[in-house]
Each structure stands twice: as structure tokens, then as C-alpha cells.
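What follows is a single structure, written as C-alpha cells, with notes after it.
For clarity, every value in this text was computed on a predicted model and none was experimentally measured. Each chain gets a letter, A, B and so on, in the order the sequences are listed, and its residues count up from 1.
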Amino acid sequence: MKRQLLSFCLVVACLWSYASPENYERLTKDFVRGQAAVQSMSVLTFGPEGILFIGDSKAGKVFALDLEDREAPAERKPFSMEDVEGKLAALLGTDPRGVVIHDLAVNPLSQHIYLAVSRSDAKALGFWKTPNDLAYAGILLRIDPEGNISEVSLDNIRHSMADVPSVVKGGEQNWRKSDNRTEAITDIAYHDGKLFVTGLSNEEFASALRVLNFPFKKKATTTTIEVFHVAHGKSETEAPIRTLIPYDLNGETYLLATYTCTPFVSIPLSEVKDGQHVVSKTLGEFGFGNMPIDIITYKQGDKSYILMSNTSKALIKIDPEDITKIKEGLTEPLKDGEYAVGLEHSVLSRVGITHIDNLNEENILTLQRMPNGDLNLNTYPNQWM
Amino acid sequence: MFTVLVVLSGGLFPLAAQSPTAPELVVSKQDDQFGTVRWVLPVRHAPLAEDAGPAVLRVYTQAPGQSLDLPAVMGRYSQNRDTLFFRPRFPFLAGRTYYIWYVGNETAQVIPVLIPQSQLVAPPTVTAIYPSADLWPANQLKFYIHFDQRMRAGYLTDYLQLFDDEGTEVIAPFLDMAQELWDPEQQRLTVWFDPGRIKSLLIPNREMGPPLRPRRTYRLVIRKGWPAAGGIPLAEDQIKVFRTGSKDSQKPDPATWDILCPAAGSKTPLRIHFPEAMDRALLQSGLAVFDDQGNLLEGEIRVGPEEKSWSWHPDQTWQSGTYRLRISTDVEDLAGNNLVRLFDAPAETETGNQAAPPYFERVFTVR
């Protein structure tokens, strides 16, 4: 009985710790107020307590910002905004082809939407050209539930930062004819006091996973990652992970990650050690000619699912139970005529979606190109996904 | 001096004698062509409460009313006595019409303002191209284009062309990078010839040959239309004609440099003559003068004609004694050969383990 009560208390404490004044004080006590010298908002993600993490490829740093945006909304309702590019263009004094959205993240506490934006030439976006290849995002915008858009100034903000170790040098060109440095940080994900940072390092095996403790203190660790790429028929160490998510399966934490041309892999967190080279398990290959953009989890009732957005495919839905069924990773190249192999997955009837995030427990927010060409923020209830 | 060009003030809307003045847009080159809206506030507003700027003055990209849900242009308000200023977050764009909405009287009014293409704000010009000499080695690695104002990035491939002596355009001579290599002011662009075509063992070199061939005449054309940050295009083609010599496969050797030592008690510059033209940007950053105790001395660097000489103008008068000219091993000639490595060196020597010193020194004496 006592033990049960203890467990119950622990569960409550865990839930409470996600948003509590004590936790907030502890996590932000080393923050300093001043200018956050962000050079490029390459990727955004929220941690606990409404702390926004910014991965900055140009500076080779990760910033943690206290947005002082922790108030829950009056009601957790869906959000939609038509023609986001048109509105951003009006704000930035240009036309809709002159704005590019680099990333999107929803503050889980306030349900405010944050966008990393640049005023650059969207005409230069191409099949393999991502926003970060074109320009450095220098504007952080907040959209409130009423649809008001405002800039979050980084001139005087509580923040801390950490260097990402051994980031790839600039000045070298990759196969997409972009500077390698734009892939120094391709994604960041927070899990249980740790920030996982993917991208290219200057080491022999360039594709790297760095682990930073948060609050930022100890030196970051770097692990290099190898993937067997079914569509390319070979092991690769140079291609960066495009997006990742930490996920608990059968009591063990895995990093689920995906790459250009869409191999989907798992790496047990227990194998991620400083200076080690890890060969990931290729669970499936979801199709060449595509770059994954975002990956999230969501619930339908009590059951969890994984959702991926892509440059050239509709949303992909994965049942984590199917991951546990895969004992051996893929090690054979695609055969003639094959396209997607391995892990079971559904391709949903939701096209034109670049960025996704959980708007709240019941809804998923998407940035979606509509049939009329407008770029909209659309909300879909979890049960429709 | 700071010149303010009044682009457009009221006038479209007749103002009654007792009416307050209308806001106006001022744009100046010194202001980085941002443009600022300036409004001498009517008595009823002055002094304006802090944060009240947006309540009385806003700028829109479309006439408000046409599309009411579009937000106003983002920017910063400031006040100097009875004058309200609005500076947009990003420069106003040339050729665009903006709408200044303001509450002067009881009702709000709107003034459309066309940002001129070129009449009032000067178009950008190319101030220099380096190497400035007319003879480039056949394996020239990179060159610099200097503009007189901030330019828009992303237009290199559209506005830069190279023609050979038969007038045929050279196909893809330059490294095509999405992130162009601009300095922080975005006034100097570094353009690389495709290194893959210069390095003799690489596939692009074997398939397409080097971008430049020896002993030819080339015409580099910077085409009119290249837009400045504010949107105003380069008005005229800028043409640089150069000849190519043979391939430069020699590392620069500081031991062969002529050093002209100044006299003690003078502020005569220290002068160095190079046997060949050098990369200009690296001459600005790669050489420094130290005293015998190893203290860095303050002075001004000037690069001589055709980048074949370098001078250093000391802040203090020379004392007799021994000095050290420290030369970073990164200093390059025009072919990208630095003091320790040939640009087109075979891979095995390039990754050789012998540790290169970070710099070389030439000792000189002032008497």
C-alpha cells in the first residue's frame, strides 16, 4: 500500500515536473539576460517549461531561450490561419515570394506557435533545396491563438547556450550544391534532461549525434552514426540525420531517426557513447526522392503513433508496435521495382505538409500548401490522422 | 554628410490650414536604404505615450481596407520631441508602393508612397574587382567584386558571365553555391572558379577541363540588373578584361620578398614587394609586424597596385632595433597556393602528417 502510494506520488511528481515553478527555477537558474547572439535559426524545438531550443548551424551552437511564455491558454482549441506567407509578407514589407519559413514549433504550455523566418527569395527553393540552404533565418515570430503575429526580440532575453562540438566547416559544397555548414545542425530533440543534436561533424564519419546535458554544463558528447541505406544499396556515414525523436519501447529508450531518401532507423540510447561509432538498425525504407522534415508522436485514445512530414511524400504514420516486431535490420539493397520496404507504415491523405507539431494533446498543427497555392496553418484532430 | 532625400510627402491629400503635417518617407544611402517614416506629430498627439506609435501611424504593403486582415509592416517606433519615427524591420523595397496610415485628425488617412527605382537613390556600382591586374594565372582560384552598397544575395549565377576571346560564354566556370560568399556588410562578394575543375586529378577537371585556359583573353561581365539590398539594380554592365598566363605551380616564398626597411625616427611605411600578385583579402589579414619582444605593433595596412606590394604604416615612429614581419601560412597567391601547400597538390601530400607552422617570419632591422 505504502509502496503503491509512493508510486502514485512519483507519477504525480513526474507530471507536475513538466511544468512547475520549482522545475522552472532549476532549469533556468543559469540563464543570463541579454542578447542571444543567434546567427541562424536552423531548427526549433520546445523543451520543458516552455524553454525554446534553437539549433544554430552558422554559429555551431544551441541556444535555450526562456520565452517567459508559460501561461496556459484559456481554452485548448484548434488553430488555423490562411495564407501565412501573405501575412508574413505584409509584416516584413515584401511580397509572399520574399518570405521563407524555416521551422515551426508549438509551445506546449501556452499553445503559442513559433516560426523561424527569413526575408529571402522563395523562388530559389527547389526539389533538393531546403530553406536553410537559401538563407539564415534571423526572425523569430510568435503567433497567438487569436492569430496576432509578433516578433520575439532576442536583444534582451533570458537564455543560455552551448557549443556543439566539432561542427563541419563551411566553404565546402555538398551534392545539393549547398554549403555543408548549413547541415551542421539538422534537428534537435529534448528528452529527459538531454538534448540530442544531429548534423554533420568535421570527423571522419561526418554524420553525428551530439548529446548535451540540459541545463548546459558538462561537455557535450559526440557519437557518429552509420546507416545501411537500402535505396542506395550501401552503408553511409556522410549523410546527416534529417529528423529524429527519442522514443521509449519496451522499457528502453531508442532514437528513431530518418534520412534523405527515407531510411527509417533506430539506435538504442544505451549505445550512444562519446567517441563511439554506432551502426543503426534500418527498420524500413520509405522511398527515395524524398527528404523527411519533422517527426512527432501523438495519441489516439491510449495508443501512441509516430507521424512524419516530408518534402515529397504525404504524411507517414507508424505504429510503434510494428517497430518492436522487427528483430533484424535491413541489410540488402532494393531489388528492381521495389520502392518502400521493411517497417509497416501508412501514407495518409494529407499532402503538401512541410512542418508539423502537436498543437495540444488532441490536435496536430500543420503548415500545409493548399490547392490554391496558399500556405496555411491547419489543425487536424489526432483521431483524423 | 548625411543627406536626407525626401521621397514623398503629403500633397495627394489636400490639407486644411489648421491640419497637422502629414508623415513623410525619408530614404538615404547612408541609412543603408532602409527608409524611415518621419512624422511631426500634431499638437493633439504630442507628446505621444510610449508604445502608442502603432495607434497613430502604421505602414502597410496594401491599402488598408482592401485587405483588412493583413498586418502592418513590422518595425521600431521612436520619438524625438514632437517627431515620431518608424523604421521598418527590413528595408523598404524599391519599386514597391507602401501605404502610410495615420491618424492626424479625427479620421485616419492613407498616403501611398512609391519607393523609387533609381531617381532619388543611386543605383549600386562596382567599385573594384580584385585581382586588379590584367594578367591572371591560368589556374586563378578566386576573385573579389566590391560594390558601393549592400547587395542582395543569391544572384551570382544570373548576373555573372565569363566569355572567351571568341566571344563564347564559358559554361559553369564558377562554383555554384546556394550560400554565396559575401562579407558581413554584403558589399564584397568572393567568387571561386570551380575548384573541382582546377584540381587536375578530379573528375570535373577530367570531364570539363579547367575553367580558364592559358594564354587567352577573357571578358568577365557583371551584368546590369544585379539588385542592391534595397532593390535598385546595377545600371550598367561592368566588364573586366584579363589575359591568362601559364599555370602557377609555385608556392609563394617569403624569402624572395623585397623588404624595404624604414629609417629609425621616421614614420615611413614598411614596404614589401612580391615577385607575383597575391590574394588581396589575405594580404589584409595575413601579415603583421611585431617588435623583438613579440609585441604586436599597431599600424595601417595598404595593398599596392596589382596586389604586388604591401605597406604597413606605423602608428608610432620607428625605433632602431630588430622587428619581425609575421606572415600567416594561409597567405595565398592568385592560384590559391599558400606558403606551405600548392592548391593543386596530389591528395597524399595534402594530407601528409608533417605539421605546418602557423606562420613564417622575416626579421628586419631599423637603423
Side-chain angles (χ1 to χ4, degrees), chain A residues 39-40 57-58 81-100 117-126 128-136 138-139 141 143 146-153 155 170-174 176-183 204, chain B residues 25 34-35 37 54 58-64 66-76 86-99 113 115 142 152-158 172 174-182 184 186 190 192 194-196 204 227 229-231 351:
Chain A
Q39 295 180 35
S40 65
S57 283
K58 189 173 182 220
M81 178 182 274
E82 290 180 4
D83 190 18
V84 178
E85 283 167 329
K87 292 184 174 64
L88 298 190
L91 267 173
L92 304 183
T94 181
D95 59 59
R97 301 306 304 266
V99 293
V100 170
V117 173
S118 65
R119 196 169 91 161
S120 45
D121 187 358
K123 286 196 283 271
L125 285 167
W128 294 113
K129 282 269 187 269
T130 67
N132 288 337
D133 295 329
L134 297 189
Y136 302 122
I139 316 161
L141 297 176
I143 306 179
E146 283 69 49
N148 301 307
I149 311 172
S150 55
E151 184 177 17
V152 180
S153 169
D155 290 344
E172 299 257 327
Q173 199 177 196
N174 61 24
R176 299 188 293 114
K177 289 200 168 179
S178 297
D179 192 324
N180 259 342
R181 184 62 182 242
T182 62
E183 296 188 325
E204 187 188 354
Chain B
L25 181 76
F34 248 79
V37 177
R58 290 177 219 158
V59 178
Y60 288 91
T61 54
Q62 295 188 25
Q66 266 182 18
S67 180
L68 273 173
D69 61 338
L70 282 183
V73 174
M74 204 158 78
R76 206 172 56 228
F86 172 79
R87 185 179 158 90
R89 177 71 167 76
F90 289 92
F92 289 126
L93 297 174
R96 257 202 97 92
T97 300
Y98 293 87
Y99 299 84
V113 177
I115 308 294
K142 57 183 188 280
R152 231 180 254 182
Y155 289 87
L156 186 156
T157 46
D158 296 341
F174 310 121
L175 183 61
D176 178 12
M177 291 182 83
Q179 295 270 350
E180 293 173 357
L181 299 167
W182 289 93
Q186 229 151 293
T190 307
W192 287 65
D194 186 343
T351 54

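When each of A/Asp121, A/Thr94, A/Leu134, A/Asp95 is checked for heavy-atom pairs under 4.5 Å with chain B, A/Thr94 comes out on top.
At distances below 3.5 Å, not a single donor-acceptor pair connects side-chain atoms of B/Tyr98 with backbone N or O atoms of B/Ile115. With hydrogens and angles disregarded, a donor-acceptor distance shorter than 3.5 Å links the side chain of A/Arg119 to the backbone of B/Pro91. A donor-acceptor contact shorter than 3.5 Å is absent between the side chain of A/Lys87 and the backbone of A/Asn148.
Residue B/Leu181: no heavy atom, backbone or side chain, is found under 4.5 Å from chain A. Proximity to chain B is limited to the backbone of A/Asn132, based on heavy atoms less than 4.5 angstrom apart. In this structure, chain B has heavy atoms under 4.5 Å from both the backbone and the side chain of A/Asp179. Residue A/Thr182 touches chain B through its side chain alone, counting heavy-atom pairs closer than 4.5 Å. Proximity to chain B involves both the backbone and the side chain of A/Leu91, based on heavy atoms less than 4.5 angstrom apart.
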Might you work through the side-chain contact (heavy atoms from CB on, under 4.5 Å) test for A/Ile149 and B/Met74, ending with a clear yes or no?
CA-CA 10 Å; A/Ile149 311 172; B/Met74 204 158 78; over 6 Å; no
Go through it in stages, so that I can follow the logic: the residues are A/Thr130 and A/Glu183, the test is side-chain contact (heavy atoms from CB on, under 4.5 Å), and I'd like the CA-CA distance, side-chain angles, deciding distance and then a yes or no.
CA-CA 10 Å; A/Thr130 67; A/Glu183 296 188 325; over 6 Å; no
